[in-house]
Protein chains: 4
Amino acid sequence: MSSEKGPDHSRRKERSRQAILAATRALVAEETYEKVTIEAIAARAGVGKQTIYRRWPSKSAVVFAALLALSEDADGQSVALPDTGDLEADLKLVMRATVEEFTDPAFDRLIRALNAEIANDDALAAEYREKLARPLDEAKKARLRSAQRAGQLDVDADLDLVLEVLYAPLFQRWLYRGGPLTAAYADSLVDATLRAFAPRKESGPTPPA
Amino acid sequence: MSSEKGPDHSRRKERSRQAILAATRALVAEETYEKVTIEAIAARAGVGKQTIYRRWPSKSAVVFAALLALSEDADGQSVALPDTGDLEADLKLVMRATVEEFTDPAFDRLIRALNAEIANDDALAAEYREKLARPLDEAKKARLRSAQRAGQLDVDADLDLVLEVLYAPLFQRWLYRGGPLTAAYADSLVDATLRAFAPRKESGPTPPA
Amino acid sequence: MSSEKGPDHSRRKERSRQAILAATRALVAEETYEKVTIEAIAARAGVGKQTIYRRWPSKSAVVFAALLALSEDADGQSVALPDTGDLEADLKLVMRATVEEFTDPAFDRLIRALNAEIANDDALAAEYREKLARPLDEAKKARLRSAQRAGQLDVDADLDLVLEVLYAPLFQRWLYRGGPLTAAYADSLVDATLRAFAPRKESGPTPPA
Amino acid sequence: MSSEKGPDHSRRKERSRQAILAATRALVAEETYEKVTIEAIAARAGVGKQTIYRRWPSKSAVVFAALLALSEDADGQSVALPDTGDLEADLKLVMRATVEEFTDPAFDRLIRALNAEIANDDALAAEYREKLARPLDEAKKARLRSAQRAGQLDVDADLDLVLEVLYAPLFQRWLYRGGPLTAAYADSLVDATLRAFAPRKESGPTPPA
DNA sequence: GATTAATCGAGACGGTACGTCGTGTCTTTTA
DNA sequence: TAAAAGACACGACGTACCGTCTCGATTAATC
């Protein structure tokens with residue numbers, strides 16, 4: 001049958017694809033990033049270099065695909081944030097978890113590698129935003145909208161801006177090693193963000209005088 | 001009276017040093033970053049490769065020094081922020097200027113190159129924080145302290161955190177191309193930050209007079 | 001049926017190999033020997049440096065292989081010396097031809113280059129003796145044996161020694177530029193050698209029949 | 001007055017000169033010849049590179065001067081060959097000693113290094129012949145002339161040719177490692193040479209009729 | 001005995017070539 | 001017929017020496 005072009009080689013295709021992505025993740029996690037070369041990936045995956053070039057245009061794309069595959073495995077499953085009704089508590093929980101993640105050395109290397117590629121490749125940056133960032137951001141915004149409805153967040157707030165104010169300081173501090181990443185720091189970011197976008201009291205008639 | 005470190009036999013030294021940094025800046029500004037190689041820098045500067053390696057351990061360090069030299073030329077001169085007494089106006093002025101800067105393609109390439117190096121090199125990151133970031137941050141914090149004294153900013157605010165909330169979103173949006181960098185965006189960051197760190201009401205009457 | 005060593009995937013291989021050897025010969029013949037660099041050979045041959053290093057361990061080996069290939073092209077064909085029955089005449093013919101060869105500037109440069117490498121590399125010297133010198137020496141010794149049978153040369157003479165006495169003076173005079181290389185000089189070497197290894201009178205009757 | 005150019009700094013001059021030549025000899029004797037660089041010589045001699053370049057035009061010239069100095073130290077002293085009246089015995093003595101010399105590893109390295117330079121540098125070859133080879137050759141020829149007078153050698157023999165026939169085979173065998181250098185070999189060279197240049201029989205009354 | 005000028009050691013400089021590594025393409029062999 | 005294996009042209013890497021060029025610090029000769 002083999003609907004697709006070739007007579008079902010898709011098994012081999014898929015196996016080599018997985019081998020490549022796994023090898024990439026392994027290399028990124030264990031070596032300094034300069035050692036993550038196409039040749040090293042091919043060798044580790046037991047694959048010809050051409051098989052990599054046939055599928056991806058650059059090392060960046062492979063590294064990105066390797067990370068993307070990770071998050072797609074976790075697909076379907078809840079990307080939803082907790083919603084206990086208490087925005088502050090929920091956000092602090094999430095932010096503390098994020099801080100934890102960035103503290104893991106393997107994760108650190110992986111994201112740092114990815115960052116280097118994304119920051120210097122427009123197309124990859126776009127793909128990153130679409131495939132990785134957006135779904136997460138939407139989940140976060142869903143929680144924020146819930147909070148707006150509950151009167152815990154300014155209904156006029158630009159939610160993209162809220163997310164940036166919440167996450168960007170953490171990201172930057174991590175990226176440039178600008179200070180310790182602690183639970184307390186996570187909390188203080190949540191506090192600041194909630195103060196910045198607290199519901200306007202006088203949303204009603206609001207006559208100041 | 002030429003006090004200084006070395007007993008000036010530094011004429012040649014200094015000339016080649018400047019040639020290298022100038023060539024590096026030129027290449028970073030005009031070419032794609034992969035073309036910025038040690039060999040290209042040496043060729044452009046009319047200098048042997050060894051002369052570069054003798055002074056800097058890596059391309060990263062050269063690129064960094066090239067940028068650092070820029071800001072040291074501007075040394076001594078006011079790194080102070082405007083202080084008209086109106087914090088909001090002053091910050092918006094500064095943030096809008098920053099947005100402008102990031103919009104310049106040459107500056108974009110330079111900072112992007114630097115970012116790639118810093119994000120993957122601890123030592124360089126440390127040097128960056130000490131030599132480039134800190135002086136600017138101190139100037140900014142001076143302005144914020146002035147605002148605290150004027151009752152325009154929470155006196156208990158962690159000024160490092162204030163700066164992060166103010167700048168990190170802008171930086172991240174630029175780095176990952178997460179949205180347009182406009183004056184309005186700059187303003188909204190100032191607004192959010194000022195709301196987040198507004199003086200606490202229960203500061204009592206607090207009338208100095 | 002292409003027996004040969006490798007199972008012929010050697011089309012490209014062979015082409016680049018020939019290009020390298022040809023380029024080497026051209027450079028040796030036309031430039032001063034210091035200009036014969038691996039980089040120059042690669043450039044001239046339109047080949048990557050690695051392709052050279054993949055096959056040969058040193059410049060010496062390449063130069064040697066270049067010369068060796070020359071003599072292998074002339075392979076199979078008669079390496080036999082003339083045998084008119086008159087040893088003196090035959091040897092003078094050969095020695096005069098040798099003198100001619102050493103007088104050719106291109107040949108001079110080639111052999112001088114080779115000499116420099118051989119004289120300082122045991123392994124190369126061994127290969128030289130096996131692959132280049134020995135076959136020629138065997139051909140010469142065949143002629144000498146014929147002369148021994150004809151009663152024109154001492155039957156007890158060590159033929160290696162005879163060859164050395166015949167050729168070494170010519171070689172040394174050429175190598176150290178110790179005097180003119182002329183036909184008369186060639187003749188006088190043959191004369192001296194024949195005197196040194198003339199048949200012993202008291203060899204008895206020794207009538208072949 | 002200071003006849004010479006500079007005001008007599010000859011003390012320092014001489015000391016550094018000796019240091020350079022000694023360092024060169026040491027390096028040649030102990031290291032592989034590629035390690036004998038101008039920089040290594042300067043470092044070993046505790047001398048600036050310029051001090052070497054001021055005196056000699058090339059490494060070859062330094063190496064040559066280093067060897068030359070050796071033989072000049074031995075200057076004045078007898079370069080004369082033994083003359084017991086028995087040419088064969090005297091020559092065998094000398095040739096066996098020469099064979100011994102070439103067998104010494106340090107000497108081997110030194111001469112091999114020198115050979116490489118001489119064989120590729122006309123000017124150096126000429127200087128070698130004049131300053132090193134000729135005096136030795138003259139001493140040898142003096143012995144041969146004595147033999148001619150004693151009727152032990154053909155009076156018409158070209159003594160340069162005699163020396164070549166005697167020494168060149170030994171030299172070539174050493175240079176190309178063409179066989180063992182033994183006392184027996186030395187003897188057989190003397191024997192062959194004496195046969196080649198034995199006095200002509202009709203050297204007696206020489207009656208033409 | 002202090003001054004002056006040549007010469008030295010030290011080593012940086014602009015270069016060239018080294019031998020290695022990774023790139024992305026191309027070719028051959030295997031399954 | 002697609003894949004592994006790996007050769008290929010290319011180009012940058014970081015190192016070693018080259019031969020030239022400053023730069024003070026000795027020297028030794030002159031004042």
Side-chain angles (χ1 to χ4, degrees), chain A residues 5-10 12-13 15-16 34-40 42-43 45-54 57-59, chain B residues 6-13 15-17 19 34-43 45-55 57-59, chain C residues 6-13 15-17 19 34-40 42-43 45-55 57-59, chain D residues 1-2 5-13 15-16 19 34-43 45-54 57-59:
Chain A
K5 46 188 164 179
D8 183 54
H9 289 304
S10 49
R12 275 212 293 179
K13 259 179 138 110
R15 214 179 320 144
S16 68
E34 296 106 56
K35 301 223 140 187
V36 182
T37 63
I38 294 276
E39 296 210 328
V47 136
K49 284 199 290 176
Q50 202 59 259
T51 304
I52 298 179
Y53 283 114
R54 212 173 286 128
S58 66
K59 189 179 65 174
Chain B
D8 182 58
H9 63 301
S10 37
R11 221 95 50 103
R12 259 206 313 177
K13 260 178 136 107
R15 215 178 317 146
S16 67
R17 182 190 166 84
E34 297 103 59
K35 300 225 139 187
V36 183
T37 61
I38 295 277
E39 295 209 331
I41 294 170
V47 137
K49 284 199 285 179
Q50 203 63 32
T51 302
I52 298 180
Y53 285 113
R54 210 175 285 126
R55 286 197 226 283
S58 66
K59 191 179 64 172
Chain C
D8 181 56
H9 63 301
S10 35
R11 221 94 50 101
R12 255 204 320 175
K13 260 180 138 105
R15 214 178 319 145
S16 68
R17 182 190 166 84
E34 297 102 61
K35 301 224 138 184
V36 182
T37 61
I38 294 278
E39 295 210 328
V47 137
K49 283 198 286 178
Q50 202 64 32
T51 301
I52 298 180
Y53 284 114
R54 212 174 284 126
R55 286 196 227 285
S58 67
K59 189 179 64 172
Chain D
M1 276 285 178
S2 75
K5 45 188 163 177
D8 181 49
H9 290 302
S10 49
R11 213 89 57 90
R12 277 212 293 177
K13 259 179 141 105
R15 214 179 319 144
S16 67
E34 297 104 57
K35 301 225 140 185
V36 182
T37 62
I38 293 276
E39 295 211 328
I41 294 170
V47 136
K49 285 199 289 175
Q50 202 59 258
T51 303
I52 299 180
Y53 284 112
R54 212 173 286 126
S58 66
K59 188 181 65 174

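Since this is a predicted model, take the numbers as computed values, not measurements. Numbered from 1 within each chain, the chains take letters A, B, ... in sequence-line order. All values below come from the heavy atoms of this structure, side chains included, with hydrogens, waters and symmetry mates left out.
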Colleague: Work out which heavy atom in A42(B) is nearest to a heavy atom in G48(B); give both atom names and the distance.
Modeller: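 Scanning both residues completely, I find the closest heavy atoms to be CB-C, 4.3 Å.
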Colleague: List in chain and number order the residues that pass side-chain contact (heavy atoms from CB on, under 4.5 Å) with A40(B), two or more places apart in sequence or in another chain; answer none if no residue qualifies.
Modeller: L27(B), T37(B)
Colleague: Just jot down the side-chain hydrogen bond (donor to acceptor under 3.5 Å, both in side chains) partners of R54(A), sequence neighbours excluded, or say none.
Modeller: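 Scan of R54(A) (side-chain hydrogen bond (donor to acceptor under 3.5 Å, both in side chains), adjacent residues dropped) gives none.
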Colleague: On a heavy-atom basis, which atom in V36(D) and which in I41(D) lie closest, and how many Å separate them?
Modeller: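 The pair with the smallest heavy-atom distance is CG1-CD1, 4.1 Å.
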Colleague: What nucleic acid atoms does R55(B) come within less than 4.0 Å of, heavy atoms only: base, sugar-phosphate, or nothing?
Modeller: sugar-phosphate
Colleague: Side chain of T51(A) only, please: which of dC13(E), dA4(F), dC8(E) is the nearest?
Modeller: dA4(F)
Colleague: At their closest point, which heavy atom of E39(A) faces which heavy atom of K49(A), and how far apart are they?
Modeller: OE2-NZ, 3.1 Å
Colleague: Find the distance R54(C):CZ to dA5(F):P and express it as a whole number of Å.
Modeller: 17 Å
Colleague: Can you tell me how far C1' of dT15(F) sits from CD1 of I52(B), to the nearest Å?
Modeller: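 Nearest whole value for this atom pair: 14 Å.
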Colleague: Taking the nucleotide of DNA chain F with the nearest heavy atom to each, does G48(A) or G48(C) sit closer to the 5' end?
Modeller: G48(A)
Colleague: For A45(C) versus A19(C), what's the shortest heavy-atom pair and its separation?
Modeller: CB-O, 3.5 Å
Colleague: Polar atom pairs between nucleotides 22-25 of chain E and protein, under 3.5 Å, N or O only, would you list them?
Modeller:
| from | atom 1 | to | atom 2 | distance (Å) |
| --- | --- | --- | --- | --- |
| dT23(E) | OP1 | I38(A) | N | 3.1 |
| dT23(E) | OP2 | I38(A) | N | 3.3 |
| dT23(E) | OP2 | E39(A) | N | 3.2 |
| dG24(E) | OP2 | Y53(A) | OH | 2.8 |
| dG24(E) | N7 | K49(A) | NZ | 3.2 |
| dG24(E) | O6 | K49(A) | NZ | 2.7 |

Colleague: Just the rounded figure in Å: distance from C1' of dC13(F) to CD1 of I41(B).
Modeller: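 That distance rounds to 13 Å.
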